[in-house]
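Every heavy atom of this structure was used, including side-chain atoms; hydrogens, water molecules and symmetry mates were not. Protein chains get the first letters and strands the later ones, always in sequence-line order, with residue 1 at the start of each. Computed from a prediction, not measured in an experiment: that's the story for all the values here.
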Number of protein chains: 2
Amino acid sequence: MISNIAELIADRIGTMPAGERRAAQTLIASYPMIGLKTVAEFSAAAGVSSPTILRFVARLGFQNYPEFQSSLQDELAAQLQSPATRTLNPPSPGGTGSPMLEATLDNMRETFRHLSDKQLADIATRLAERRGKTFLIGGRFTDPLARYMAAHLAVIQPDVFHLAGQESMWRDRLIDMGKRDVLVIFDIRRYQDSLVRFAEKAHQRGVQIVLFTDQWLSPIARFARHVIAGRTAVPSAWDSSAALFVVAETLIGAVTRQLEADGARRIREMEGLR
Amino acid sequence: MISNIAELIADRIGTMPAGERRAAQTLIASYPMIGLKTVAEFSAAAGVSSPTILRFVARLGFQNYPEFQSSLQDELAAQLQSPATRTLNPPSPGGTGSPMLEATLDNMRETFRHLSDKQLADIATRLAERRGKTFLIGGRFTDPLARYMAAHLAVIQPDVFHLAGQESMWRDRLIDMGKRDVLVIFDIRRYQDSLVRFAEKAHQRGVQIVLFTDQWLSPIARFARHVIAGRTAVPSAWDSSAALFVVAETLIGAVTRQLEADGARRIREMEGLR
DNA sequence: GGAGCGCTGTATCGTATGTTACGTATTTTG
DNA sequence: CAAAATACGTAACATACGATACAGCGCTCC
């Protein structure tokens with residue numbers, strides 16, 4: 001079975017005329033970057049004319065040049081999205097035996113690779129400088145994450161509320177929300193209409209939204225001030241929220257650090273109350 | 001120093017207007033592939049208009065869109081040409097930048113190293129062969145994990161109950177519990193007396209207890225049929241439940257697989273009801 | 001509450017890009 | 001060695017892509 005374009009070329013290069021063979025060799029030499037550039041650049045690099053490049057991709061079975069480029073891009077995307085595949089051949093330090101765990105660890109590394117320290121710091125600062133209230137809510141499976149985060153934040157600062165129960169209950173809380181407030185939403189596939197509606201309402205009231213979602217971005221991203229896109233794919237019937245969970249913990253830690261002066265006193269007080 | 005476009009975006013995203021920020025977040029979420037496609041596709045994915053995309057790349061300092069794309073391609077080429085740099089830098093010397101993440105990843109590896117496949121399989125089997133009911137409960141900060149697990153298990157089998165609310169509420173549920181039932185408890189430091197008391201009562205009634213705890217083992221371990229000890233130490237004011245979270249997800253996956261025949265039908269039915 | 005500013009989308013434009021037709025060169029075959 | 005077939009490049013073409021002008025809108029700040 002031929003799965004990628006490089007193999008396809010290797011398979012058919014024998015039947016190609018001289019010019020197209022030069023095109024093939026040029027592409028293989030710096031695969032696949034040249035193929036992502038324009039026909040003119042490709043042809044110049046190969047030392048042939050534009051039509052030769054087009055005949056080349058036609059011989060590979062593509063209807064036109066853009067289709068060929070899309071195919072290359074899909075291939076690249078697949079490589080980039082699953083670092084596991086890359087490290088699959090040499091089972092480097094992994095070898096834990098559990099593909100589930102390996103995928104989860106990869107997800108976390110990927111998630112944090114796309115997440116700058118600055119972005120996290122910004123969100124943490126926004127949550128720490130508590131000019132207003134903080135609301136948290138989640139979807140069917142992600143609401144526990146909202147609860148987890150709320151449980152921690154509520155310890156180190158006042159005015160932290162988890163929105164539970166029916167949709168109608170949340171909407172009643174909208175009346176309390178304004179420009180100075182922050183709404184943290186967890187929403188991954190399949191995205192819940194009720195959450196989207198709620199986010200829109202809150203956005204209209206000027207509430208700043210922090211969204212935890214998957215890499216395909218919940219429609220709530222339209223209204224969000226900050227978006228955290230985590231990786232959720234694992235070899236299971238379910239999506240994994242573990243990466244988002246770790247981001248949430250990191251954020252909790254960052255907020256705690258920023259509130260250290262205030263927070264430490266608060267925590268001591270609370271301990272005293274128990 | 002800013003070396004790649006992702007950092008550049010993180011640096012300037014704070015100063016961007018709403019539309020351009022959505023473009024930025026969309027690009028980051030599936031970096032960098034969207035940026036290699038046409039302006040029209042990019043704008044559609046971000047839910048903004050084409051000019052907004054162009055203003056976005058202009059704000060990043062590029063003269064025009066093709067120049068922006070070339071820059072992305074160069075970046076990609078650099079990554080692909082030296083896979084060594086990519087797999088050498090981050091993993092071993094903790095180059096991810098976040099000590100929090102590194103500690104969490106270590107915790108997971110350690111947790112699974114001390115956790116045999118057989119042990120997981122045993123617990124999964126016990127949860128899957130549903131002769132009785134399944135109850136889940138957690139402590140102050142770990143109860144969300146119980147909820148998370150309950151939310152999933154409830155989809156694939158009946159008689160799954162999360163014990164919420166006041167301690168007195170749980171105790172009333174004891175009357176429903178017997179030898180054929182399973183109680184999943186999450187309890188990490190500081191261990192809660194109320195949970196210990198409850199676990200003891202349940203144990204006396206013959207309930208099989210599955211305990212998720214930290215490496216120092218909650219006193220509930222005395223009564224537990226199965227104990228999962230996760231690592232919780234991270235450089236933060238709080239303990240991390242991430243490792244236990246991943247174990248929970250793994251367990252959910254295992255139970256789902258065992259119930260595949262039954263479960264698949266149930267899930268389809270549920271989807272139909274939505 | 002009103003005026004000014006900044007952001008965003010619609011519609012239009014110019015152009016670079018992929019595509020195709022055709023003539024010339026090169027190789028192959030009888 | 002001649003004739004035909006195939007391959008290749010030049011040049012003209014059409015399309016789709018990026019770029020821009022402009023108007024509507026919301027927002028902030030007096």
Side-chain angles (χ1 to χ4, degrees), chain A residues 5 12-27 32-73 131 178-181 200-209 219 221-225, chain B residues 5 9 12-27 32-73:
Chain A
I5 296 180
R12 304 199 184 172
I13 197 171
T15 71
M16 292 180 188
E20 298 179 29
R21 198 174 311 139
R22 289 181 62 181
Q25 286 161 346
T26 308
L27 177 57
M33 298 314 296
I34 293 272
L36 298 178
K37 300 190 185 295
T38 67
V39 174
E41 286 178 277
F42 192 172
S43 65
V48 298
S49 68
S50 300
T52 299
I53 299 297
L54 296 177
R55 281 189 283 263
F56 164 66
V57 302
R59 191 181 298 264
L60 290 179
F62 297 98
Q63 293 298 322
N64 49 30
Y65 195 71
E67 183 180 307
F68 162 73
Q69 287 190 319
S70 292
S71 189
L72 278 179
Q73 286 190 12
R131 304 179 310 179
K179 279 193 258 295
R180 311 170 74 84
D181 302 325
E200 184 169 10
K201 293 273 197 321
H203 175 67
Q204 283 166 1
R205 293 188 61 86
V207 179
Q208 282 204 11
I209 295 180
R222 294 178 54 90
F223 315 117
R225 180 78 176 71
Chain B
I5 296 179
I9 292 172
R12 305 198 184 172
I13 197 173
T15 71
M16 291 181 188
E20 298 177 30
R21 198 161 47 229
R22 277 163 61 189
Q25 285 158 346
T26 309
L27 177 57
M33 297 315 294
I34 294 268
L36 299 178
K37 301 192 185 294
T38 68
V39 173
E41 286 179 278
F42 191 168
S43 66
V48 298
S49 67
S50 302
T52 299
I53 298 297
L54 297 176
R55 283 188 283 261
F56 163 67
V57 302
R59 192 181 297 264
L60 291 179
F62 297 99
Q63 294 298 324
N64 49 31
Y65 195 72
E67 183 181 307
F68 163 73
Q69 287 190 319
S70 293
S71 191
L72 277 180
Q73 286 189 11

Over all heavy atoms of both residues, which pair between A:Leu60 and A:Ile5 is shortest? Give the atoms and the distance, please. CD1-CG2, 4.5 Å
Show the numbers, then the answer: is there a side-chain contact (heavy atoms from CB on, under 4.5 Å) between A:Thr26 and A:Phe56? CA-CA 12 Å; A:Thr26 308; A:Phe56 164 66; over 6 Å; no
All side chain to side chain contact (heavy atoms under 4.5 Å, CB included) counterparts of A:Gln69, not counting sequence neighbours: A:Tyr65
Nucleotide range of DNA chain C contacted by chain B, 5' to 3', under 4.0 Å to a heavy atom? C:dC7 to C:dT10
N/O donor to acceptor pairs below 3.5 angstrom from side-chain atoms of residues 40-53 of chain A, sequence neighbours left out:
unit_1	atom_1	unit_2	atom_2	d
A:Glu41	OE1	A:Thr38	OG1	3.4
A:Ser43	OG	A:Val39	O	3.2
A:Ser43	OG	A:Ala40	O	2.7
A:Ser49	OG	A:Thr52	OG1	3.3

A:Lys179 vs B:Ala40, nearer the 5' end of DNA chain D by closest nucleotide: B:Ala40
Could you grab the distance from atom CZ of B:Arg21 to atom OG1 of B:Thr15, nearest 0.5 Å is fine? 9.5 Å
For the helix from C:dG1-D:dC30 to C:dG30-D:dC1, what is the angle between the axes at its two ends, each from 5 pairs, rounded to 10°? 30°
In chain order, what residues pass the side chain to side chain donor-acceptor pair (under 3.5 Å) check against B:Lys37, with sequence neighbours excluded? A:Gln73
The criterion is side chain to side chain contact (heavy atoms under 4.5 Å, CB included); which residues satisfy it with B:Pro17, sequence neighbours excluded? B:Glu20, B:Arg59
Who are the side chain to side chain contact (heavy atoms under 4.5 Å, CB included) partners of A:Arg180, not counting sequence neighbours? A:Arg131
Going by heavy atoms closer than 4.0 Å, what residues in residues 52-72 of chain A are next to DNA chain D? A:Thr52, A:Arg55
B:Gln25 and A:Ala221 have their tightest heavy-atom pair at OE1-O, 4.4 Å
Contact list for DNA chain D against residues 41-51 of chain B - heavy-atom distance below 4.0 Å: B:Pro51
5' to 3' contact window, DNA chain D with chain B (heavy-atom distance under 4.0 Å): D:dC17 to D:dT20
The test is side-chain contact (heavy atoms from CB on, under 4.5 Å); show your working for B:Glu67 and B:Val57 and say whether it passes. CA-CA 9 Å; B:Glu67 183 181 307; B:Val57 302; over 6 Å; no
Taking atom CD of A:Gln208 and atom NZ of A:Lys179, what is their separation to the nearest 0.5 Å? 11.5 Å
Which residues in residues 12-19 of chain A have a heavy atom closer than 4.0 Å to any atom of DNA chain D? A:Pro17, A:Ala18, A:Gly19
For the residue pair A:Gly35 and A:Leu27, what are the closest heavy atoms and their distance? N-CD1, 3.7 Å
Do A:Glu200 and A:Arg222 have side chains that get closer than 4.5 Å, going by heavy atoms? no
